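Since this is a predicted model, take the numbers as computed values, not measurements. Chain identifiers are assigned alphabetically (A, B, ...) following the order of the sequence lines, protein sequences preceding nucleic acid strands; residue numbering begins at 1 within each chain.
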Amino acid sequence: MALEISFSDKTFTNTSHTLQEFSEISLELRRDVIKSLYLAKSGHSGGSLGMADIFAVLFFGGILRYNPANWQWEKRDKFVLSAGHIAPILYATLARAGFFPTKELATLRKLHSRLQGHPALDANLPGIETSAGSLGQGISIALGMAMTHKLIDRTDQLVFSVTGDGEIEEGSVWEAAMAAGNYNLSNLCWIVDNNDCQIDGRVHQVMSIYPIADKFKSFNFNVITIDGHNYNEILSAFNTFKENAKTSDKPTCIIAKTYMGKGISFMEDDYKWHGMPPNEEQARKAFNELEKMQQQIKSLNL
Amino acid sequence: MIDESKIKKIPTRMGFGEGVVVLGERNPNIIVLGGDITGSVMTSLFKEKFPDRFFSIGIAEQNATTIAVGMALSGKIPFFSSYSAFAAFRNADQLRISVAYNNANVKIGGGHSGITVGPDGATHQSLEEVAYLRTLPNMTLIVPSDYNETKKATIAAGEMNGPVFIRFGRSAVPSFTADNDKFEIGKANILKDGNDLAIIASGLTVWESLMAAQMLENNLGIKARVINLHTIKPIDQEVIVAAAKDCGAIVTAEEHQIHGGMGSAVAEVVVANYPVPMKFIGINDRFGLSGEPDELISYFGLDRNSIYNAALDILKRK
Ligand SMILES: Cc1ncc(C[n+]2csc(CCOP(=O)(O)OP(=O)(O)O)c2C)c(N)n1
């Protein structure tokens, strides 16, 4: 029987959630990622799945302030996806937050879709703050927003941005780090998705960017290293950043240790899944694994 | 008559990857620099064969381009390849000053070019690099049309002295040139003779132009001259001026912005030497979109039907 894909119209609130609820939210996001990439027949599974837990907390844990009903709300915090290729997790998250109908996730990467292969401002998808896809540029755009809010308009708006760990091999990224430290952009939260995977292999083999923490420290950042799949650690890092935004004069860098493809056994920690979609058989296997996990979460009663 | 069903489809990037390996076998000075997508642009073939002459630079196109210059100025022949969007633009300043101004013997492969990179969308669909690169003094710019030609172009690039940019694609395209067809940098190939109009193309639109010409002949008895302008710089003035004189009307076709592209380069030659009516097939001043390659080719009007219709239009102005 052909694999049938549909998207429930369930949405999640941006409030405090139990660990069990966060697990369920990220499971739903992972399911959306698999579904939309399976339908698209191309795209980036690995990084998207690996960031699901962080997206769940950032968007549904009362961290990022936004209003899907009036998404261009002037006082909103900003989220800039610098690693544009992991758009599928951003799209899934925005849909589940109510920015646009979840069924639109089925149009990923198709002609005339608002869900372009990489986020596109000119596609007019609610929640997309900038186009991205040329690595290393989004983080500087985030800086420009943070400078506007903190130094020009003097509002308390926060700016969050995600870069890959391969992405930070780009030189301009370090120009951004220098400027963030120089301008004391304490309202900037730079999340590095440290899965040690990029296209050609392990980051430490393709071009080592280690030690990451020391580099950011030397540019005047508060650096917090966390397990990017542990909801408590993710929450606490974001809360520390929010505190720092008020009291400190340093930007924050969260180095999130993650696994590429997290949640799907045959994709986990394998760089070959950087830019591959699941085929039908793999999608079935993935849904089974996610279903089993769902049962486990229920029985654990966290 | 060409029987399209007998034509195999092979990606041009395969020709690039294999060409660099052939060069590596012939010349120990050939070096390859990787930009994290060596599998995509197929320099991974060289990496496997000559690991000592391969260096991974990471996702750092500016650095890779200028490292290549340093190696070239030290006697090596470095190839750096990435997606065309990042191998022509992220490093644009480096290409201008360090590569072209130094006249350094650096070879750049711009892969996954044009809209046919497909679902990745506009950010990855480079449609402007011909316009930029052909303004750089000392630069040689080649846009080959199929697998065989890309391989020959790559080898020729490695065997000439001076900076070369080769633009190629991701998807499998008709492999219609033969192993023993002549390829010379700067010398356009006439693929089909005719005097009613000339169709000048480069890259994957060469095949579509051939098919359009076949349709014109079969349906209406119109004989179009089809010219494969694989080298955009230095441009083959002789073939272009002869086409203008003999045919009196020209259609150009390219997977690139119309503004400043191959068609503009042809127009510069035509207007200065023998003005005739021209029509330009290409992307008309807009960014690309996600979609499947074939879908995009017809949506953006780069297919044989668009070329066919342009030919009929231009004949009315002759
Ligand atoms: C400037 C630029 N160069 C190259 C690419 C091609 N590219 C897309 S994703 C990627 C690897 C990114 O690695 P990382 O940031 O670690 O992301 P992950 O593999 O973890 O998803 C590359 C090289 C690009 N998009 N932009």
**Student:** Which bit of A/Ala132 comes within less than 4.5 Å of chain B, counting heavy atoms only: side chain, backbone, both or neither?
**Tutor:** backbone
**Student:** Can you tell me which of A/His274, A/Arg109, A/His85 forms the most heavy-atom pairs within a distance under 4.5 Å of chain B?
**Tutor:** A/Arg109
**Student:** Just one of A/Trp71, A/Phe99, A/Phe55, A/Phe160 clears the ring pair (Phe, Tyr, Trp, His ring centres under 6.0 Å) bar with A/Phe79, so which one?
**Tutor:** A/Phe55
**Student:** Please check if the distance between the ring centroids of A/Trp174 and A/Phe216 is under 6.0 Å.
**Tutor:** yes
**Student:** Ion pair present between A/Lys285 and A/Glu281, side-chain N to carboxylate O less than 4.0 angstrom?
**Tutor:** no
**Student:** Measure A/Ser131 against the heavy atoms of chain B and call it side chain, backbone, both or neither at under 4.5 Å.
**Tutor:** neither
**Student:** Where does A/His44 contact chain B at under 4.5 Å (heavy atoms): side chain, backbone, both or neither?
**Tutor:** side chain
**Student:** Return the option, out of A/Ala123, A/Ala87, A/Gly133, with the maximum number of heavy-atom pairs under 4.5 Å with chain B.
**Tutor:** A/Gly133
**Student:** Less than 4.0 Å between a side-chain N and a carboxylate O, is that true for A/Asp269 and A/Arg202?
**Tutor:** yes
**Student:** Return the option, out of A/Pro119, A/Gly117, A/Gly166, with the maximum number of heavy-atom pairs under 4.5 Å with chain B.
**Tutor:** A/Gly117
**Student:** Taking atom types as modelled and ignoring hydrogens, do the side chains of B/Glu129 and B/Ser84 form a donor-acceptor contact shorter than 3.5 angstrom?
**Tutor:** yes
**Student:** Among A/Ser134, A/Ser113, A/Gly84, A/Gly43, which has the most heavy-atom pairs under 4.5 Å with chain B?
**Tutor:** A/Ser134
**Student:** What part of B/Asp36 lies closer than 4.5 angstrom to a heavy atom of chain A: side chain, backbone, both or neither?
**Tutor:** both
**Student:** Do NZ/NE/NH1/NH2 and the carboxylate oxygens of B/Glu292 and A/Lys41 come within less than 4.0 Å?
**Tutor:** no
